[in-house]
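We're numbering straight along the sequence, starting at 1.
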Amino acid sequence: AVLHSPRLEALAAAFEDLTHPELRYKDLLETLTDLLKEGRVEEARASYVELTRWLRDPKRGGFLADFAKAKVGSQGERTLQKLDGLCGVDGQHLGRFVGSGGGPP
């Protein structure tokens, strides 16, 4: 049985939020590449949705948080828009990278 604890979930989310957004973006690309190399398209889609949602969420220290806007302006959102154009907003285009040596460039 899996124990459900809102407090532990909040703590885990807070620890995730300590990760710099640029590192989370790098992690996203590495995760996608690894999953697609293994042909695990559905898991890649789920990871894409989860991580891009985190990157965009200013309440969770996301890519568009105030410090990122101050540092790089709207570059973060433009980067995510390009990635969405390549992968699909919900990762629906990720399957085209299977067998091509990995994930998006």
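Going from atom CG of Asp90 over to atom CG of Asp84 covers 8.5 Å, rounded to the nearest 0.5 Å. Between atom CG of residue Leu28 and atom OG of residue Ser47 there is a gap of 8.0 Å, rounded to the nearest 0.5 Å. The structure places CG of Leu36 at 11.0 Å from CZ of Arg96, a figure rounded to the nearest 0.5 Å. The CG atom of Asp34 sits 7.0 Å away from the CD atom of Glu30 when rounded to the nearest 0.5 Å.
We find that Glu50 and Arg53 are not joined by a salt bridge, their nearest charged nitrogen and carboxylate oxygen being 4.0 Å or further apart.
In this structure, the salt bridge (charged side-chain N to carboxylate O under 4.0 Å, His left out) partners of Arg40, at least two apart in sequence or on a different chain, are Glu38, Glu43.
By the criterion of side-chain heavy atoms lying less than 4.5 angstrom apart, applied directly or through intervening Ile, Leu, Val, Met, Phe, Trp or Tyr residues, Leu86 is grouped together with Val41 in one hydrophobic cluster.
A donor-acceptor pair under 3.5 Å is absent between the side-chain atoms of Tyr48 and the main chain of Leu29, judged by distance alone. With hydrogens and angles ignored, the 3.5 Å screen pairs no side-chain donor or acceptor of Glu9 with any backbone N or O of Arg7.
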